[in-house]
Novice: 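Sending over a structure as structure tokens; questions will come in a sec.
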Amino acid sequence: MKTSFNDQLDITRRDLMKGGMGAASLAAVSAGAAVPAAVTAASVAVTANAAQAQQHAASATVTQPATGIVMSPDYARTVAQMAYVWGWPMVNMINRRAAITQAPEPGHLNGVLPAAPRGQIAMLNDYIEPSETFVTCPNQDVVYGLGFFALDEEPVVIQVPDFGDRFWVYALYDARTDQFGHLGKPYGSKPGFYLLAGPRWSGLKPDGTTDVLRCPTSLANATPRVFQDDTPEDRKAIQEVINQVVAYPLKDFDGEMKTIEWAKVPDIPGPASSGEETKWVVPDKFFDQFGEVLDTVDPLPGEEALYGQFRLLLDAASKDPELKKVLVATAVETEDKVIQPFFQWKHNGRPAGNGWNRSTNNAQFGVDYFNRTGTAKSNMFDNRPNETQYFYTDHDGAGGELSGSGSYAITFPAGQEPPVNGFWSLTLYNDKHLFHANDLKRYSLGTKNKNLKRNSDGSLTLYAGAKSPGGDKENNWLPAPDGKFSLYIRAYWGKEAILDGSWQPPAIEVAQ
């Protein structure tokens, strides 16, 4: 009997939850300091001796944590909490890949989400629907694509058609949610075929490909974004170009531009939505999967010591059932006390003025664990700062919590809308960081809209609330749910004032 996508997804989730501790050996770390400069002739001999001593120290192996120790529960709890915060985004990525790549062919999961087998992508053919719950904080300014790859085993060719003047960017993510490569209008990327390869792939650049983009991890994700105006004419015009946004394994590359008519790909039945983002990290199963992260994601410079502690923790827990219970309890507690608060925008990024916060180090996090994990929880798959800057808030300018029972005005003075080379928008999300379904089918306002009403002085006022402001103001209105909501500004390909923080979002005023 043929297995359905739903059945495959359930099987995958069960397999993921069983997981494994991982068995990679501990990596040795070298130590050493910079050689001091010679400042006088008399110091040359001293400098030479110091250099020799340092070279000797650099050749020594740093002692790694001893296995076979009896670890106290309190020590285990301390290390486990850090492991949970550090590893949360990567377990998140592993589980998203496992789910999405169960698709039997490129298509639309439940009719609303791009899904494809490993090594391929799928594209939508219009804005993403409000019923989408794969990821929080989607936008209705672009047409999205989505795909996951294993680039050491299977390099992937991704096609770039001629987008003309249209804004586009292919966000390419590694297992840590950092972007790799530079592919999009902000980089002046040319049409052609680009090869995505993993860190251990040793092949040569194939003839006919434009460039090779190296991912630092085997697991990789591509999320193309192509700007679309909110008009029927542009929805029609964009189809020809997005139908050439296709990715496939290197073995299928023949130098010919492939085309898929994304408006006609099959809908793939999937799990029913619960009305909130799919729970990608299950705390009581986290440490069953954590070993896979350590085995497949190489440490960044300076992280070797963390890996040593984390492996020691897993080793000790694998031999002591009671210690394993401590790890599970710590994961559950850390999810509640540390991860959940990231859903409040005041805990994300840094203050941006007038009650807003702005993203920081987005998609180039490195060892910024605070912002990486905060973003993975609240609004995963950000673009780099030069590609997109994000501003967000749960509060009005006076500090009051945004609620549908109120009415709010957001006024951009003349000439002070977000300064961008690309486009900007203001999006409204419910308390789950998802779209609030409404009769107007309106979830964001900005560059894409051609019917916004400006004030007589040239300023632009946008409105938010459950109740329409009425009259010609309704074109500028974002419908809100009755309860809590948040507002979110995107500035795609921002100018210097966006990048250096000198531009500030306007204060949100309670409308009279």
Side-chain angles (χ1 to χ4, degrees), residues 130 132-133 135-141 275-277 339-360 362 374-375 377-380 382 388-413 416-418 424-446 449 452-453 455 459-470 473-491 503-512:
E132 180 278 326
T133 57
V135 66
T136 52
C137 298
N139 78 63
Q140 279 208 348
D141 306 294
E276 59 184 336
E277 184 185 30
I339 304 298
Q340 287 297 334
F342 280 126
F343 223 62
Q344 302 173 54
W345 290 123
K346 65 183 180 181
H347 296 308
N348 271 262
R350 59 164 65 105
N354 294 321
W356 298 76
N357 272 28
R358 61 181 283 153
S359 53
T360 304
N362 31 309
T375 299
K377 174 60 182 175
S378 59
N379 55 325
M380 194 157 164
D382 276 5
T388 317
Q389 185 63 59
Y390 306 88
F391 304 84
Y392 27 66
T393 186
D394 298 312
H395 298 86
D396 61 37
E401 197 166 48
L402 295 174
S403 171
S405 60
S407 296
Y408 304 91
I410 306 95
T411 299
F412 299 89
Q416 295 185 34
E417 292 163 32
W424 70 271
S425 65
L426 175 72
T427 303
L428 187 148
Y429 296 111
N430 64 18
D431 61 347
K432 305 294 190 300
H433 290 188
L434 298 170
F435 293 136
H436 166 61
N438 60 82
D439 292 340
L440 294 179
K441 296 183 178 181
R442 184 184 297 161
Y443 310 101
S444 65
L445 295 170
N449 300 97
L452 296 177
K453 304 296 183 182
N455 302 318
S459 62
L460 177 66
T461 300
L462 304 180
Y463 301 92
K467 184 180 178 181
S468 170
K473 293 180 179 180
E474 187 163 285
N475 283 346
N476 294 22
W477 171 51
L478 288 173
D482 291 332
K484 298 176 183 178
F485 70 88
S486 60
L487 291 172
Y488 197 108
I489 294 173
R490 285 177 173 82
W503 182 84
Q504 294 188 351
I508 300 171
E509 298 177 340
V510 178
Q512 301 300 320

Novice: Show every donor-acceptor pair shorter than 3.5 Å between a side-chain atom in residues 339-355 and any protein atom, with sequence neighbours excluded, or say none if there are none.
Specialist:
residue, atom, partner, partner atom, Å
Q340, NE2, E335, OE2, 3.3
W345, NE1, S486, OG, 3.4
N348, OD1, S378, OG, 3.1
N348, ND2, F342, O, 2.5
N354, ND2, P505, O, 2.7

Novice: Just so I know, are the side chains of L487 and L426 near enough to count as touching, which here means a heavy-atom distance under 4.5 Å?
Specialist: yes
Novice: Tell me, please, which residues at least two apart from K484 pass salt bridge (Lys or Arg N to Asp or Glu O under 4.0 Å).
Specialist: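 Partners of K484 under the salt bridge (Lys or Arg N to Asp or Glu O under 4.0 Å) test: E401.
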Novice: Sorted by first residue and then second, give each salt bridge (Lys or Arg N to Asp or Glu O under 4.0 Å) pair with at least one member in residues 389-398; sequence neighbours left out.
Specialist: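 Those involving residues 389-398 do not exist here.
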Novice: Go through the structure and list residues passing side chain to side chain contact (heavy atoms under 4.5 Å, CB included) with S405, not counting sequence neighbours.
Specialist: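 S403.
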Novice: Okay, side chain of T427, backbone of N139: is any donor-acceptor separation there less than 3.5 Å?
Specialist: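 No.
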Novice: For the CG atom of N455 and the NZ atom of K473, what is their distance to the nearest 0.5 Å?
Specialist: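 The distance works out to 8.5 Å.
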Novice: With side-chain contact (heavy atoms from CB on, under 4.5 Å) as the test, would you mind laying out the steps for Y488 and H433 before giving the verdict?
Specialist: CA-CA 10 Å; Y488 197 108; H433 290 188; over 6 Å; no
Novice: I want to check something: taking the side chain as every heavy atom from C-beta on, are P506 and I410 in contact at a cut-off of under 4.5 Å?
Specialist: yes
Novice: If you round to the nearest 0.5 Å, how far is NE2 of H395 from CD1 of I508?
Specialist: 10.5 Å
Novice: Would Y408 and V510 count as a side-chain contact (heavy atoms from CB on, under 4.5 Å) here? Give the steps.
Specialist: CA-CA 5 Å; Y408 304 91; V510 178; 4.1 Å; yes
Novice: So does T461 get a backbone contact from the side chain of N476, meaning a donor-acceptor N/O pair under 3.5 Å?
Specialist: yes
Novice: Measuring only between side-chain heavy atoms, which start at C-beta, is Y390 closer than 4.5 Å to R490?
Specialist: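 Counting from C-beta outward, Y390 and R490 do come under 4.5 Å.
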Novice: Quick one: are E417 and W424 in side-chain contact, heavy atoms under 4.5 Å?
Specialist: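 A side-chain contact under 4.5 Å exists here.
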Novice: Should the heavy atoms of other residues, nucleotides or ligands under 6.0 Å from CG of D482 be counted, would the total exceed 12?
Specialist: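 No, not enclosed.
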Novice: Using the ring of each side chain (for Trp, its six-membered ring), is F391 parallel, tilted or perpendicular to W503, with breaks at 30° and 60°?
Specialist: perpendicular
Novice: Please answer whether the main-chain N or O of N449 pairs with a side-chain N or O of N475 as donor and acceptor at a distance below 3.5 Å.
Specialist: no
Novice: Start with the C-alpha gap between Y429 and F435, add the side-chain angles, then the distance that decides, and say whether ring-ring contact (aromatic ring centres under 6.0 Å, His included) holds.
Specialist: CA-CA 5 Å; Y429 296 111; F435 293 136; 5.8 Å; yes
Novice: Going from CG on L434 to OH on Y443, what distance comes out if it is rounded to the nearest 0.5 angstrom?
Specialist: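 With rounding to 0.5 Å, CG (L434) is 11.5 Å from OH (Y443).
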Novice: Roughly how far, to the nearest 0.5 Å, is the CH2 atom of W356 from the CD1 atom of I489?
Specialist: 3.5 Å
Novice: Could you grab the distance from atom CG of L462 to atom CG of L478, nearest 0.5 Å is fine?
Specialist: 6.5 Å
Novice: Identify each donor-acceptor pair in which a side-chain atom of residues 463-470 lies under 3.5 Å from a protein atom, sequence neighbours left out, and give them as a table.
Specialist:
residue, atom, partner, partner atom, Å
S468, OG, G470, N, 3.0
S468, OG, E474, OE1, 2.5

Novice: For residues T133 and G275, report the shortest heavy-atom separation together with the two atoms involved.
Specialist: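 In terms of heavy atoms, the two residues are closest at CG2-C, 4.4 Å.
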Novice: Could you check whether any side-chain heavy atom of P481 comes within less than 4.5 Å of a side-chain heavy atom of L428, counting everything from C-beta outward?
Specialist: yes
Novice: Which atom pair, heavy atoms only, marks the closest approach of N379 to G374?
Specialist: OD1-O, 4.3 Å
Novice: Please name all residues satisfying salt bridge (Lys or Arg N to Asp or Glu O under 4.0 Å) with E132, sequence neighbours left out, ordered by chain then number.
Specialist: none
Novice: Which value, rounded to the nearest 0.5 Å, describes the distance between L402 atom CG and D431 atom CG?
Specialist: 12.0 Å
Novice: Less than 3.5 Å apart, any donor N or O on the side chain of S359 or Q389 sitting next to an acceptor on the other?
Specialist: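 Yes, Q389 and S359 have a side-chain donor paired with an acceptor closer than 3.5 Å.
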Novice: Do you know the tightest heavy-atom contact between M380 and V135?
Specialist: O-CG2, 3.6 Å
Novice: How close do A480 and G404 get, counting heavy atoms only, and between which atoms?
Specialist: CB-CA, 4.4 Å
